[in-house]
Novice: 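I'd like to ask some things about the structure below.
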Amino acid sequence: MVEIFPKLISTLPITLSIILTSAILGLILSIIITALRIKKIKFLSPILEAYISFMRSIPILLLLFIVYYGLPVFFSLLNMNMNDLSAIVSAMITLIIFNGAYLSEILRPAYLAVEKGQHEAADSLGYTPFAKFKKIIIPQMTPIALPGLGNAVIYLIHDTSLVFTIGIVDIMGKANLIMASSYGENKVEVFLTIALIYWGVCLLSDRFIKLCENHTYLRKIENKRTFSSKTSQLSHKFNKRNIKSNLD
Amino acid sequence: MFDFKVLLESIIDIATVVPKTLALAIFILLLSLLMGAVIALIQQYKVPLLSQIIKVLQSFLRGTPNVVLLFLMYYALPEILTFFTGILGIEFDANSLNPIVTVILTFSISYSVFQSEIIRGSILSIEKGQIEAAQSLGFSFWQTFRRVIIPQALVAAFPDIINSLMVVIKALSLAYLITVVDILGQAKMVGALSYRYLEAFIGAALIYWLIGAVLTFISNRFELKLRRGFH
């Protein structure tokens, strides 16, 4: 297990680069999609709903295959030669379009959860749309959306473990190579090591999301409240004890 | 490049494994619900040692991808079984274990911790007054459980259960990696026969989409019906 670990961890940069690229670009795509869905444009919204339901109901592995085999065909219809599109790019495209749909399902309820009165109040105070969005809407959206986003990051990390099926040498691909070179010995140790690596990565990302959650305005208010309620509880206890001691 | 006739043919070919996939998914769902109920009970009553083990297991299963778990079980299960059967002295060739058993076990275990959350949430969502009312009417524990708690918890949990059925169906697409043929595995085989992978995969995607749409429809329809029935 100790011998395998450095070999497997050396492929982590590939996985991490896929995760980071598709997380950031997927978030941008999902923001665009959410904005378009909220605006309710006549012909675009049924298409977007179909896109979301399609992405929600097909497995990521299938989407990966469709993009990998389908993109060259799609580009050849446009008279572009993309036959040497690398597997990593198609993996990234897959995860971006998948996450665009998934994250928009998290962001839209979060946006809709902000009360209408907040919009009206901001408008009546003369905020520009951009300032309103930045100072009023986003701070209220983040505490609602963050737990969902944290889950999405975990699922994204899980999904990147599938990219070995289209020939990318990530951790799983490396594991297959190691097993092939050792004639299929110590398979259990290899996969146990991989499981531990993924567990570690997921725990780290969980920590990161918790850290973000502690910086939202809601949590700050909550902390203040719990602090004050704790002190009040303490004083309450203290008083009770005093009364009791008086009674004694 | 893209042939609609091939697409239609491959959809028909792939549709033959849909019943098998659905049956497998429902079986896994029921098994994981059963295990989830046990886990929820253990957590509710805070059984010492077991509840700590389950906490670690929960974190592990949340942090590990299904593929890794599947391969881990695929390679480790025969060794574990030979170990136990060796102790008990039973003649059993663990290497001839059917991969379907591995798939069922892996997904049941990995989803049981999520189902336990659903079950816990749905039981906690029942008002205390309901149980008190049942007790004041002289219901026994089992009567309360069967006539008051279960009907209401089921309504609360129904959308989540349908959703997790969809999740299990999607997760079964990994089963082809250990030679169990489901919708995706069949698509891969159909594609390999005709060298037309794209049509086969798009056919499979359409089938998955249809299943997803039907399940969403069922969820919405029956949720309304169940709600009406009990209020």
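In what follows, every chain begins at residue 1, and chains take the letters A, B, ... in the order their sequences are listed.
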Novice: Counting a contact as any heavy-atom pair under 4.5 Å apart, which residues of residues 34-64 of chain A contact chain B?
Specialist: A:A50, A:S53, A:F54, A:R56, A:S57, A:I58, A:P59, A:L61, A:L62
Novice: Using 30° and 60° as the class limits, which term best fits the ring planes of A:F65 and B:Y176: parallel, tilted or perpendicular?
Specialist: perpendicular
Novice: Between B:G212, B:G191, B:A213, B:S173, which shows the greatest number of heavy-atom pairs under 4.5 Å with chain A?
Specialist: B:S173
Novice: Which bit of B:L72 is near chain A, if near means a heavy-atom gap under 4.5 Å: side chain, backbone, both or neither?
Specialist: both
Novice: What part of B:L172 is in contact with chain A, defined as an atom under 4.5 angstrom from a non-hydrogen atom: side chain, backbone, both or neither?
Specialist: neither
Novice: NZ of A:K7: more than 12 outside heavy atoms within 6.0 angstrom?
Specialist: no
Novice: Let me know if B:F60 has heavy atoms under 4.5 Å from chain A in its side chain, its backbone, both or neither.
Specialist: both
Novice: Is it the backbone or the side chain of A:I66 that comes under 4.5 Å from a heavy atom of chain B, or both, or neither?
Specialist: both
Novice: Let me know if A:D206 has heavy atoms under 4.5 Å from chain B in its side chain, its backbone, both or neither.
Specialist: side chain
Novice: Provide the closest heavy-atom pair for A:G70 versus B:L198 in the form atom of the first, atom of the second, distance.
Specialist: CA-CD1, 3.4 Å
Novice: Using side-chain heavy atoms (C-beta onward) and a distance below 4.5 Å, is A:M172 in contact with B:F71?
Specialist: yes
Novice: Look only at the side chain of A:H158 and the backbone of B:V67, and say whether a donor-acceptor pair between them is shorter than 3.5 Å.
Specialist: no
Novice: Decide yes or no for B:Y75 and A:E189: does some side-chain heavy atom of the first lie under 4.5 Å from some side-chain heavy atom of the second?
Specialist: no
Novice: Is any side-chain heavy atom of B:R62 closer than 4.5 Å to a side-chain heavy atom of A:N151?
Specialist: yes
Novice: Would you give the length of the straight line joining atom CG of B:L174 to atom OG of A:S161, rounded to the nearest 0.5 angstrom?
Specialist: 8.0 Å
Novice: Evaluate the side chain to side chain contact (heavy atoms under 4.5 Å, CB included) criterion for residues B:L69 and A:Y198: first the C-alpha distance (whole Å), next the side-chain angles of each, then the deciding distance (0.1 Å), finally the verdict.
Specialist: CA-CA 11 Å; B:L69 277 178; A:Y198 271 111; over 6 Å; no
Novice: Report the distance from atom CG of B:L61 to atom CH2 of A:W199, rounding to the nearest 0.5 Å.
Specialist: 9.0 Å
Novice: For A:T165, is it the side chain, the backbone, both, or neither that has a heavy atom closer than 4.5 Å to a heavy atom of chain B?
Specialist: side chain
Novice: About how many Å separate OH of A:Y68 and OH of B:Y197, when rounded to the nearest 0.5 Å?
Specialist: 11.5 Å
Novice: Tell me, for B:S59 versus chain A, whether the close heavy atoms (under 4.5 Å) come from the side chain, the backbone, both or neither.
Specialist: both
